[in-house]
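In what follows, every chain begins at residue 1, and chains take the letters A, B, ... in the order their sequences are listed.
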Amino acid sequence: MAQKTQDDVAYSRENDLIVRYREILSDEARSKEEYREAFEEMYKQYIKLLDDTKLLTSLGDRLQRKLRSTNLLLKQQSEEIREINEALNKTNVELKLTIDELTRARASRKARVITFLLLFALFAFSETLEDQFDSFLDEDAAESFFYSFAFKTVLFALLTPLNSFIEKFFVRQTINKDKKALLQDVQKEAPKEKGTFVERPLDRANGMAANRS
Amino acid sequence: MSYKPLYINPTDETPQVILDPENNRFEFVGNSYPENSTKFYSPILNWMKEFIDSSPKQDLSVDFNFDYFNTSSAKYILEILRLIQDHQDKGNKCLIRWYYFQDDTDMLEAGEDYQMTITVPFEIIERTDTF
């Protein structure tokens with residue numbers, strides 16, 4: 001007799017039939033009629049078993065197909081998400097560049113105004129000083145003109161480096177202001193779930209600074 | 001004889017099972033792809049065999065509400081249906097209700113296939129809500 005295992009629970013009918021027919025086969029005392037009846041029963045059971053096999057194969061194929069189509073759909077959706085993510089990243093980079101350019105333009109405008117105001121103030125001051133200088137040193141007109149011209153040339157030469165220095169100052173100031181604002185935003189936000197990615201504000205700010213340099 | 005009901009909570013891989021003769025609730029709901037189908041379904045089959053072998057005079061309405069089941073579960077579902085058939089053959093009224101989610105032609109066709117294997121009244125019902 002076959003040893004009963006846990007598998008027998010699902011196949012108990014089939015196993016019971018096997019046991020039964022084995023007993024009949026091993027019993028030589030059976031009549032021809034009994035063998036015939038057993039054989040007929042076996043034939044019917046075999047047809048049933050074949051139908052069950054067809055059913056389970058058909059079900060198996062169908063379930064496999066369902067799995068496969070779900071898998072394909074998931075892959076497709078995954079690809080779509082990846083493409084959207086790529087597009088978003090690209091837009092994000094473009095936005096960052098635009099913001100940086102705007103910041104630089106704003107700083108540049110401010111720097112230009114301040115540079116010109118400063119130079120104008122220096123120019124006006126120099127004109128005032130010139131008169132004082134002339135009366136004090138008692139120089140002739142040519143020398144006086146030379147000193148005046150040299151001073152104004154130096155002022156003019158300082159225009160570009162001064163403007164650049166002031167612009168860089170304002171750009172740096174804006175970066176530091178952005179960093180502070182981002183840090184404050186992060187500190188205000190609620191704690192995230194474990195495992196959720198959180199972009200650090202300094203990373204964002206450093207990214208902007210990297211783009212500007 | 002009152003039978004102790006069998007309740008099995010659902011997991012991601014195994015269905016909710018309710019076998020409660022007192023309240024006439026016999027339900028299989030969810031997904032069925034256990035790592036070890038024999039281990040999961042043996043207690044269920046044994047319970048049903050004992051119940052039906054005890055020849056209770058009780059009408060049976062059994063609900064099958066699967067989203068997905070694997071091939072080995074299919075074999076066990078077939079055995080459960082055969083047991084219900086045996087119960088009907090003993091003179092009891094039985095009814096099987098096979099639910100499938102709308103547009104899930106695979107589950108619909110699976111129900112139709114099972115319907116052909118037994119003579120128990122077999123209703124195939126479309127559901128529109130998730131369980």
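- Between the side chain of B:Gln85 and the backbone N or O of B:Ile118 there is no donor-acceptor pair closer than 3.5 Å.
- For A:Leu63, the parts sitting under 4.5 Å from any heavy atom of chain B are the backbone and the side chain alike.
- With respect to chain A, the highest number of heavy-atom pairs below 4.5 Å among B:Ala110, B:Ser37, B:Ser72 belongs to B:Ala110.
- One side chain, B:Tyr41 or B:Ser32, offers a donor N or O that lies under 3.5 Å from an acceptor on the other.
- Looking at residues two or more places apart in sequence or on another chain, you find a ring-ring contact (aromatic ring centres under 6.0 Å, His included) between B:Phe64 and B:Phe28, B:Trp98.
- Ionic pairing of B:Lys49 and B:Asp86 is not present here: no N-O contact between side-chain nitrogen and carboxylate oxygen is shorter than 4.0 angstrom.
- Of the N and O atoms on the side chains of B:Asn70 and B:Ser73, at least one donor lies less than 3.5 Å from an acceptor on the other residue.
- Contact count against chain A (heavy-atom pairs under 4.5 Å) is highest for B:Asp106 among B:Thr71, B:Thr105, B:Asp106.
- Within the 4.5 angstrom heavy-atom criterion, only side-chain atoms of B:Asp104, from C-beta onward, approach chain A.
- Note on A:Asp61, A:Asp51, A:Leu59: by heavy-atom pairs under 4.5 Å with chain B, the leading option is A:Leu59.
- B:Leu83 touches chain A through backbone and side chain together, each having a heavy atom under 4.5 Å away.
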